[in-house]
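Everything on this sheet refers to the single structure shown next.
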Amino acid sequence: MNFPIEAVRERFPALSLTDKGRRRIYLDNPAGTQVPRTVADAVARCLLTTNANLGGFFETTIAAQEVVDDAHAAMADFLGAASPEEIIIGANMTTLTYHMSRTLGRTMKPGDEIILTRIDHEGNVSPWLQLAEDLGLVVRWLPFDEQSWQVEEAALAALITNRTRLVALNYASNLTGSINRVKALTRIAKQACALVYVDAVQFAPHGLIDVQDLGCDFLICSAYKFFGPHMGILWGRRAVIDALQPYKCRCSSNGLPERFELGTPQIELMAGLSAAVDYFAELGAVAGEGGSRRQKIAKAFELSIAYENPLAQRLIDGLSDISGLTIHGITDPARLGERVPTVSFTVDGMDPETIARQMNAENIFLWSGHNYAWEIVQQLGIPADQGVVRIGIAHYNTATEIDETLESVHRVIAMLRQERS
């Protein structure tokens, strides 16, 4: 079936908002998406009807526990986890990664090695760098290939040794948009008995994740990147996390996943998280899938990928027509399936922030800068204080919005060139 774009857009109240009569075009999605009304309603309903802490015997605390349990079950379905006990929910990806890095640090000793990539978001770099500094670990850097825009298996195989304890990878880049072959890279790491920690924040809105098939040990994502509330979700393989002892309060639970979830949970946001997962399931049901929630989610991604990819190619083709503009990422139509619809570019002699500010003034929401892809801009020789212009598509965007954005890019660049001449 064709993607039901109008019905989808009707579910997102923010898409109908205007500013002084001017429409909004949301292309800031890699930094955070808008939410369906059902997500906002679930958060409000939880606050108004089940607002209590956990562990008691009265109605609201019992209902709050059900919200928490439902969120873990929903994310187990979303990620293909073996059990909700493998799902750890917290403040955000970076906070969870810092917490897990310190926990894993208890199993490491000076001289042990960790491998970090040059294509990762800083949230999957700094926690490990600082752990290495604290413990005297050896950091080995894994560059990405500037032709394929991916981390190559041969490059990882050349770096890994019998002292490698952990490989931190990303699934998709928040700057280049390229998707790494995580399953193949994980296979190489596991041959050396290294743990694999995968940042899937940018992939999760655009493709089905199957943690069991990938073979990694940890995978992390952010709900607010896939139409949910501001929180992070970490999956950990049961056999691995069951043996770990995190930093926690002495009297708090030693059960899973509770011993990794510090303090009072964000219960109302967990209600929104379940609603975000159910939004995908409902989209799959509209497409005719009548099976399990997991099967409906898979169908939703099948449908949205088929819709998003042509929009991404439309954007890439339109940008490629501009002289002096460089797209930093995969542009070959034959490789569209190897990227998410996040497109970053620079223009010779122009400050990306200036371009972004001009387009923002036209109510086209997008970002400039390094976007925490610190290692990418360093490898590419892009000044970190300038970075790139980044446009990120979600499945609620339209071809008309892409065309208006391209017209704006052309107009802004032509104006800035005229001002310089």
Side-chain angles (χ1 to χ4, degrees), residues 86 88 93-94 96-146 148-173 178-201 203 209-221 234-247 260 373-376 378-379:
E86 296 181 323
I88 300 163
M93 176 271 181
T94 303
L96 282 171
T97 301
Y98 266 106
H99 181 42
M100 187 55 70
S101 71
R102 270 52 195 166
T103 298
L104 289 171
R106 288 180 151 179
T107 70
M108 299 179 187
K109 61 184 183 300
D112 285 348
E113 298 175 357
I114 59 176
I115 293 177
L116 308 178
T117 84
R118 301 285 188 191
I119 201 169
D120 267 270
H121 183 281
E122 193 66 12
N124 202 27
V125 175
S126 281
W128 309 111
L129 279 182
Q130 292 158 18
L131 180 71
E133 183 179 357
D134 291 346
L135 299 184
L137 309 178
V138 176
V139 176
R140 293 181 173 271
W141 286 102
L142 179 59
F144 61 92
D145 186 285
E146 293 178 32
S148 70
W149 295 99
Q150 295 164 317
V151 171
E152 296 295 332
E153 290 91 328
L156 175 59
L159 271 187
I160 207 160
T161 75
N162 60 7
R163 300 209 67 174
T164 304
R165 297 293 173 261
L166 179 129
V167 178
L169 301 167
N170 75 359
Y171 209 144
S173 167
S178 49
I179 298 171
N180 284 315
R181 295 180 291 275
V182 171
K183 184 175 181 178
L185 294 166
T186 295
R187 190 180 304 116
I188 293 168
K190 302 313 290 183
Q191 289 171 357
C193 298
L195 295 173
V196 179
Y197 192 98
V198 177
D199 171 5
V201 169
F203 184 81
I209 296 171
D210 187 337
V211 290
Q212 296 184 74
D213 182 62
L214 290 175
C216 56
D217 300 288
F218 302 92
L219 183 140
I220 194 161
C221 57
L234 172 63
W235 168 84
R237 186 175 301 283
R238 175 66 182 262
V240 176
I241 61 173
D242 210 16
L244 295 176
Q245 295 300 318
Y247 290 88
F260 291 95
W374 185 258
E375 291 298 329
I376 296 180
Q378 298 289 339
Q379 179 173 326

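Side chains included, hydrogens not; waters and symmetry mates left out as well; all remaining heavy atoms used.
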query = Closest approach of Asp217 and Ala194, non-hydrogen atoms and distance?
reply = OD2-O, 4.0 Å
query = Does Arg102 reach the main-chain N or O of Pro127 with its side chain, forming a donor-acceptor pair under 3.5 Å?
reply = yes
query = Are any side-chain N or O atoms of Thr186 and backbone N or O atoms of Gly215, one a donor and one an acceptor, separated by less than 3.5 Å?
reply = no
message = Just to verify, what does Phe218 make a ring pair (Phe, Tyr, Trp, His ring centres under 6.0 Å) with, not counting sequence neighbours?
response = Tyr197
ask   = Hey, are the side chains of Ile209 and Trp235 touching, using non-hydrogen atoms and a 4.5 Å cut-off?
value = no
Step-by-step side chain to side chain contact (heavy atoms under 4.5 Å, CB included) determination, Thr97 to Trp128 = CA-CA 9 Å; Thr97 301; Trp128 309 111; 4.0 Å; yes
key: Distance-only side-chain donor-acceptor flag, Arg118 / Gln378, under 3.5 Å   = no
inquiry  = Tell me if a side-chain donor or acceptor on Arg237 pairs with a main-chain N or O of Cys216 at a distance below 3.5 Å.
reply    = yes
key: Leu166 side, atom CG; Leu104 side, atom CG - distance, nearest 0.5 Å   = 6.5 Å
ask   = What is the ring orientation for His99 with Phe260, classed by angle as parallel under 30°, tilted 30 to 60°, or perpendicular over 60°?
value = perpendicular
query = Out of Thr117, Asp199, Asn124, Asn180, which one pairs with Asn170 under the side-chain hydrogen bond (donor to acceptor under 3.5 Å, both in side chains) rule?
reply = Asn180
ask   = Can you tell me how far CG of Asp134 sits from CG of Leu129, rounded to the nearest 0.5 angstrom?
value = 11.0 Å
key: Gly123 versus His121, closest heavy-atom pair with distance   = N-ND1, 2.8 Å
key: Value rounded to 0.5 Å, distance of CD in Glu146 from CD in Gln379   = 4.5 Å
query = Does some side-chain heavy atom of Arg163 sit less than 4.5 Å from a side-chain heavy atom of Val138?
reply = no
task = Report yes if the side chains of Arg140 and Ile114 come closer than 4.5 Å at any heavy-atom pair, otherwise no.
result = no
request  = Sort out for me which residue in Leu219, Val182, Val198, Ile179 forms a side-chain contact (heavy atoms from CB on, under 4.5 Å) with Phe203.
outcome  = Ile179
task = Check whether more than 12 heavy atoms from other residues, nucleotides or ligands sit under 6.0 Å from atom CD of Glu133, and answer yes or no.
result = no
key: Counterpart residues, side-chain contact (heavy atoms from CB on, under 4.5 Å), relative to Glu122 (two or more places apart)   = Val125, Ser126, Tyr372, Trp374
message = Side chains of Leu96 and Ile220, heavy atoms from C-beta outward: is any pair under 4.5 Å?
response = yes
message = Donor-acceptor check, side chain of Asp145 to backbone of Gln150, threshold 3.5 angstrom: yes or no?
response = no
inquiry  = Using 0.5 Å steps for rounding, measure from the CG atom of Asp112 to the OG1 atom of Thr161.
reply    = 9.5 Å
key: Taking every non-hydrogen atom, the tightest pair across Asn162 and Arg165   = O-NH1, 3.2 Å
inquiry  = What's the separation between atom CZ in Arg181 and atom CG in Leu214, rounded to the nearest 0.5 Å?
reply    = 14.0 Å
message = Does any part of the side chain of Gln130, heavy atoms only, come nearer than 4.5 Å to the side chain of Tyr98, both counted from C-beta?
response = yes
ask   = Looking at CG of Leu142 and CG of Leu156, how far apart are the two atoms once the value is rounded to the nearest 0.5 Å?
value = 5.5 Å
note = Closest non-hydrogen contact found for Ser173 with Ile376 is OG-CD1, 3.2 Å
key: Expected output: side-chain Arg106 to main-chain Gln245 donor-acceptor under 3.5 Å   = yes
task = Check Ile88 against Met100 and note the closest heavy-atom contact, atom names and distance.
result = CD1-CE, 4.1 Å
remark   = Heavy atoms of Val151 and Pro143 approach each other most closely as CG2-O, 4.3 Å
request  = Decide yes or no for Glu113 and Ile160: does some side-chain heavy atom of the first lie under 4.5 Å from some side-chain heavy atom of the second?
outcome  = no
